[in-house]
Structure formats: C-alpha cells, structure tokens
Amino acid sequence: MLQSGTKLSIARLLKIIIINLLTITLVLFTVALIRTLSLDRNVGLQLARWEKTRNISLAIDHRQREQQMEKFKEAIRIPTVSFSENENNGTALREFGSFLRKAFPTVFSSKLVHHQLVANYSHLFWVQGSQPDLVPYLLLAHLDVVPASESDGWDAPPFSAKEIDGFIYGRGTIDDKGALMGILQALEYLLMKGYAPRRGFYIALGHDEEARGGKGAVNIARLLKERGVQLSFILDEGLAIVDGVISGLQGPAALIGISEKGWATVKLSATMAPGHSSMPPRETSIGILAAAINRLEENPMPRLFGYGPERQIFEHLAHKFRLPLNFIMSNLWLFSPLLARVLERKPDTNAFVRTTTAVTMFNGGIKENIIPAYAEAFVNLRIHSAQTLQEVLDLIHSTVADQRVKIELIHGFDPLPVSSADERAFGFQIVKKTVLEMFPTVTVAPGVCIGNTDSRHFSDLTRNIYRFAPIWFKPGDPQRFHGINERISKKNYEELVEFYFSLIQNCDIKNVPEAHSSGHEL
Ligand SMILES: *[C@@H]1O[C@H](CO)[C@@H](O)[C@H](O)[C@H]1NC(C)=O
Ligand SMILES: *[C@@H]1O[C@H](CO)[C@@H](O)[C@H](O)[C@H]1NC(C)=O
Ligand SMILES: *[C@@H]1O[C@H](CO)[C@@H](O)[C@H](O)[C@H]1NC(C)=O
Ligand SMILES: [Zn+2]
C-alpha cells in the first residue's frame, strides 16, 4: 500500500510538474509574442505634441549648392593626416584653420559666435543662446584623418575630392569632414538667415582624434570643465544609417551610438637566461610566451551578451526583422544565451557578445642559434560594456596563470557609460526627431560603437553622449571607413547640411514632450 501510494504520488507529482512547466513555457511565449507584436519604437514620442520653434527653411539656390560642394571638396583636399600620436601634418592643420575662416565668413564674424583656437590646431566655437537657463549642448567633429595612399588601390587619389558617378572620393569624406563641414555650413546658413538660437551650443573640432585626441579633445574638455560648463548632451561621429548592411534587417536603420567599448593594450613578456641552442632548456622564453598567448586565444572572455545595452538595441530593431528573428530579438530576457551562441560565430557580431582579444604583435629572438633571453607580445582587447578594465586584467592574469610571464597594461580605459535612449532623453529624442523628419521610413535605434571617438574625453561634462551622423552605409561601405575608396554621395553631403540645420533649430525647445501613452510596456 505504502509502496504503491508513493509511486502514485510521484507519478502525479511528475504530471503536475510537467503541466506547470508547460504552462510557464506557454505564458512566457505568449508574453514574448505580445512583446514582439507591440514593439514599434518609432511611434511613441513622435505622436506627442512638440513645442513649436521658429522654423527657418533651408532654401538654397543652385549657385549656393555649387559653392557648398566646392567648399566641401576643398576641405577634403587639405591632407590633415594624423600619422601617429606625435606626428601630424602641422602645415595642413594650420591651412585647414585658414580655410574655415574663408569658407564660413558669417560664422567667424557673427556677434553671437565666439571662436577660440585650442592646442594650436583645434577649434572651439560658442554660439550664444538667448535663454541662458537652457543647458547648452555640444556638436563634436574632428579635422584630422588617417593616412591614405593612392597605391593602395583607390579609384581616385585620396586627397583629390574627385567626383565619380555622383560621389565625392577622398579620405575624410565620411570620417569626419562630412559632419564637420555639415555643421559649420548649417550654422553659416542659419546665421545668414538671421537665426539666433534660444539654447546656446558649442562646436568643438579636434585635430588629433585619429591619434587618441590627447591634445585636441582633451584640452577642449579641460577648458570647458574649468569654466564649469555642464552639457545637456553631446553629438559626435560614430554610427550611421545602415541600409542592407545588417543581415536580416529590413529597411534602413539609423543607429545612434549610446556607448563605446573600452580598450586595453596589454604587453606580455618572458625573460630567461640566454644560452647556446646546442644545449637548450626544456622551454625558451618564446615557448613560454607562445603557450600563454595560446591560452588567451583558447579561452575567450566570457559571453556578456544581454548584460550591456544590447537588449534595448535589439528590442528597438526587432520589428524590422522577420520571424523568428524578431521574436527572438524582442525577447532577449529569454533568448540572449541562445542568440549569443549564434552571434559569437562571426567576428563582426562576436564583438557584441564579449570583450574581444586580439594578439597584434609578437617579437622574440635575435639569432637562429641563440636561446632568446626575451620575448614579448601585445594583445589588444575591446572591453564589453558589462565589464571593467580591471576585471579584464584580472581575467588575463588567471588565464595566463604563469608567474614567468610578466603582464603590463600599456594603455586602457573602461567602456563608456551607457547614455539614455528613453523617452525623457533630450539629446536622443532630438536626434531621432530630426532623422525622422528627413527620413520618415528609417527606423531609429540605439547602438554601441566598437571603435572610439573624441567624445569619450568629455564624459565629465554630461552623461548623455550620442554618436551618430546621417551618413548612408550601404553594402560595402563600412569597409571604406579607414579603408580604400572612402566616399560620400553629393546628395548625402547635402543631407548632412540639412540635418544639422534642422537639428540646431530642433534643440531650441525647453523639454521633449511627455510620452504619448502607447501602453506597450509589459
Ligand atoms: C518646418 O516646416 C516644414 C514645412 O514648412 C515642416 O515640414 C517641418 O515639419 C517643420 N519642422 C518643425 C520642426 O516644425
Ligand atoms: C602636409 O600638408 C601640405 C599641405 O598643407 C602638403 O603640401 C604636404 O605634402 C603634406 N605633407 C605630408 C607629409 O603629407
Ligand atoms: C603649439 O605650438 C608650439 C610651437 O609652435 C608648441 O611649442 C606648443 O607645444 C604647441 N601646443 C600644443 C598644445 O601642442
Ligand atoms: Zn573619426
């Protein structure tokens, strides 16, 4: 009796457990499905009542259009190259300063604008607002470019600004002279049309962003800090409008960078007594170091997908994917471990899953018959938002786990804080509104920059840093960035001017409106 009774209750218990599990699964999937169907984040604030601002239209005639394009080409032709941290083209950087004065005479003569040269070549503009109680913002760009050589296979010399099929070719067309010239051209037009902002703003143009910004951006940020400036938000370069670049994503998406990965360059070295190769020790410094490097490659940093801002990013974009991807992406609370395993298979998406580890240099040995006394290797890591530099260093130590290998941090910083992308976030919503006014069919979503920008030097001045310009990235275009045949279409450059022209005006409201109650949150 007792026996069979126990059996019976175990069977019943199992049944209850299974039914419960099924019910829980069903509920989870129903919640997931409702979330999938209800997520169209382009709605929301766009339906709300926005405060009216003076709305100056950008009506320019044919001659002005030609002139604005000529100025842009002239900017590309000045080879403002940053060769390394301590080597730039001072002549070109100085020439660029004179060029700006000539190209934008209204900006440089307006009583509303205060201009200052910083660290010899960088520029800081303050555009005074009529309502000092509105917290100013900062538009950031850089005038230096990475080196380029025609012999790498360019279709046009990289500093020629040659026009081919409606595109301007040249180093700096997308990184970052398009935005730089777009901002100043927009301000030039606005001032010519008698515009005076309500909200004051800064424009900062660094001259060494491609060499870490240690002179330009760092000194500009220091100046602003000394003056006690707090910023409403910063808009810098970074992400773009991607169209056909992300597989599975239907239609174009404007990705606004809300964070940047951190950075660590670590030097590993091993030192042994040198000797003759006829009587070698069991291990040499090269062998010890190679084994350590191998352990780092065999043991990637932990999967952190879903612990950073990935969740809000994918949830914004989910409705633009087909089933089942939209279902999975809008429910990362359930599926992130699964998705992480898919994403980590490709290098470009693996970058979103974890801190990446790249062994970039390895040196050791001086002669074929001498036991090397010393070997060294450099490892470059890009730190995921959910990890700190210190955690990464600790993991390197525990993975290498060999006292004979010396581990030194050469250069590093934590990932940047995650800026808000919610409905109260002034900067994010202003950028989004401006994008949607120009491109109503584009999906606007937050994103994370894999690379770094000058804006990271300004993190003491605001918590709200956004990295975006409405540059269209179509298939093949991401490779042009720092690569060969960097180019922008003439139309896209005109769109950049228009974007900053209306963005500046859109910033003149006091606050973003209250969220339209869309009742989506579950
Ligand atoms: C400005 O006016 C144009 C047309 O006159 C309109 O399409 C646009 O939405 C307006 N922008 C704002 C911010 O009111
Ligand atoms: C530096 O820039 C000047 C133009 O301002 C150019 O003539 C010169 O070739 C550049 N030098 C290098 C090394 O690129
Ligand atoms: C500016 O240039 C001068 C020489 O022309 C140099 O001594 C000084 O260090 C430069 N300043 C910065 C911040 O690079
Ligand atoms: Zn750049």
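Note that ligands are numbered from 1 as they come in the structure, with each ligand's atoms numbered from 1 the same way. Positions are given from 1, in the same order as the sequence printed here. Heavy atoms only: backbone and side chains are in, while hydrogens, waters and symmetry mates are out.
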Worksheet item: Do Asp508 and Gln505 meet the criterion of a side-chain donor-acceptor pair at a distance under 3.5 Å?
Response: no
Discussion item. For Tyr202 and Trp126, take the angle between the two ring planes, folded into 0 to 90°, and tell me which bin it lands in: parallel under 30, tilted 30 to 60, perpendicular over 60.
Written reply: tilted
Item to complete: Could you tell me whether atom 9 (O) of ligand 3 has a protein heavy atom closer than 4.0 Å?
Response: no
Practice prompt. Measuring from the Zn ion (ligand 4), name the closest N, O or S atom belonging to Asp175.
Written response: OD1
Worksheet item: For the rings on Phe314 and Phe352, is their centre-to-centre separation under 6.0 Å?
Response: no
Worksheet item: Is any side-chain N of the basic residue among Lys490 and Glu494 closer than 4.0 Å to the acidic one's carboxylate O?
Response: no
Discussion item. Restricting to N, O or S, what is the name of the atom of His142 that lies nearest the Zn ion (ligand 4)?
Written reply: NE2
Worksheet item: For atom 13 (C) of ligand 2, which protein heavy atom lies nearest, and how many Å away is it?
Response: Phe83 CZ, 4.1 Å
Worksheet item: Is the ring centre of Tyr466 less than 6.0 Å from the ring centre of Phe426?
Response: no
Fill in: Asp236 and Thr453 side chains, donor-acceptor separation under 3.5 Å
yes
Worksheet item: To which of Thr80, Asn89, Val81 does the heavy atom nearest atom 2 (O) of ligand 2 belong?
Response: Asn89
Discussion item. Rounded to the nearest 0.5 Å, what separates atom CZ in Arg199 from atom CG in Asn506?
Written reply: 11.5 Å
Practice prompt. Take the angle between the ring planes of His411 and Trp263 and call it parallel below 30°, perpendicular above 60°, tilted in between.
Written response: perpendicular
Worksheet item: Evaluating non-hydrogen atoms only, which member of Asn120, Val218, Asn219 is closest to atom 1 (C) of ligand 3?
Response: Asn120
Worksheet, complete the sentence: In ligand 2, the atoms that come under 4.0 Å of a heavy atom of Glu95 are 4 (C), 5 (O)
Response to the item:
So the atoms of ligand 3 within less than 4.0 Å of a heavy atom of Ala119 turn out to be 13 (C)
Worksheet item: Would one find an N, O or S atom of Glu209, in either backbone or side chain, under 2.8 Å from the Zn ion (ligand 4)?
Response: no
Worksheet entry | Shortest-distance N/O/S atom, Glu237 versus the Zn ion (ligand 4) | OE1
Worksheet entry | the Zn ion (ligand 4) to nearest N/O/S of Asp454 less than 2.8 Å | no
